[in-house]
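Note that the structure is predicted; figures quoted are calculated from it, not measured. Indexing begins at 1, ligand by ligand and atom by atom, following the structure's order.
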Amino acid sequence: MKDKIDSIIEEINQFSIEDTQALEKFRIQYLGTKGLLKDLFGELKSVPNEEKKEVGLLLNGLRTIAEEKYNTFKETLDAPKATASSIDTSRPGEDSSVGSRHPLMLVRSEIIEIFNRIGYTVSEGPEIEDDWHNFSALNFPPEHPARDMQDTFFIQNEGEEMALRTHTSSVQVRVMENQKPPIRTISPGRVFRNEAISARAHCFFHQVEGLYIDKKVSFADLKQTLLYFAQEMFGEKAQIRLRPSYFPFTEPSAEVDVSCSICNAKGCNVCKNTGWLEILGCGMVDPAVLEACGIDSKEYSGFAFGMGIERITQLKYKVNDLRLYSENDVRFLKQFTGSL
Ligand code: DAH
């Protein structure tokens with residue numbers, strides 16, 4: 001009996017079912033009221049008592065195999081097939097969803113447009129920089145902490161030590177080395193720092209550097225340019241204030257705050273109740289930097305500024321976690337559909 005069951009299993013596996021007729025033949029042969037399985041269950045009576053349990057289990061297994069094969073083939077054979085007449089060619093098409101521009105790119109374009117309107121061109125430089133362009137030409141002393149491995153990613157390139165640029169100020173060096181004043185340019189780009197990733201810090205982010213070099217450029221020109229930028233970006237009521245600061249490449253240097261557009265400078269948790277938000281660093285280009293880049297500091301002067309695109313975007317769109325910018329979660333990105 002056991003051998004018989006085995007050979008029937010084999011037979012079932014071999015049985016080829018290509019159409020509904022073969023399927024019906026299979027059903028009659030194995031599962032029908034006069035089918036093989038019925039006979040076998042009938043024979044169970046004559047099996048010796050001590051073997052009954054085992055043979056019963058085998059028979060149940062055989063039935064499952066046969067039923068499963070039958071059901072699977074029935075499902076595939078019953079599935080409706082697309083025929084020429086079942087396709088409705090007059091149905092309207094389905095809309096393909098429209099993508100959106102990344103918020104950082106929206107703000108980057110807006111910054112470029114604002115400065116284009118007052119004659120600034122766009123310059124770009126490499127993300128992998130040498131020490132000269134990222135540090136030395138910008139007056140960073142050899143022992144400056146920013147040169148430390150803890151802040152800067154260093155890489156080896158054909159035996160030479162290179163850095164992933166830590167700021168876009170490196171591009172102002174390249175521009176000054178290659179162009180004669182007057183120079184009026186902004187440099188948007190990605191920068192890298194060796195920081196642990198959190199809501200407030202990331203190992204890469206974006207900056208826009210600004211540079212203006214000409215005869216008789218003054219600090220008043222810098223202030224007016226930044227006020228113009230703040231009002232174009234945050235609305236005509238925006239005000240700025242400058243706080244004295246220090247950067248190796250500018251003298252004097254300042255940090256610039258814009259009046260909080262979220263609470264109209266009344267004080268809220270974003271501006272920590274001060275009414276002001278820090279947006280950029282700036283200053284008059286240090287004569288030593290002009291000279292390092294081949295520009296006569298007695299004839300020319302200029303200003304520079306640098307801002308973080310993430311920061312401006314945070315203020316414009318109220319994005320409070322830096323990680324959202326690079327996670328590419330469509331629920332976040334979709335909110336910018338339709339913005340130009
Ligand atoms: N490079 C500075 C930074 O990454 C930002 C900066 C400050 C740029 C002052 C400037 C400047 O051009 O004048 O933090």
Checklist outcome for this item: In chain-and-number order, ligand 1 lies under 4.0 Å from a heavy atom of each of H167, S169, Q172, R193, Q207, E209, F247, F249, T250, G281, C282, G283, A304, F305, G306
Item to check | Electrostatic pair D131-R147, nearest N-O below 4.0 angstrom | outcome: yes
Checklist entry - Should the pair E110-R101 be classified as a salt bridge under the 4.0 Å nitrogen-to-oxygen rule? => result no
For the residue pair [X] and [Y], categorise the inter-ring angle as parallel (less than 30°), tilted (30 to 60°) or perpendicular (more than 60°).
X	Y	result
H206	F204	perpendicular
Y325	H102	tilted
H167	F135	tilted

Next on the checklist: Just checking E75: does its CD atom have more than 12 heavy atoms from other residues, nucleotides or ligands closer to it than 6.0 angstrom?
Outcome noted: no
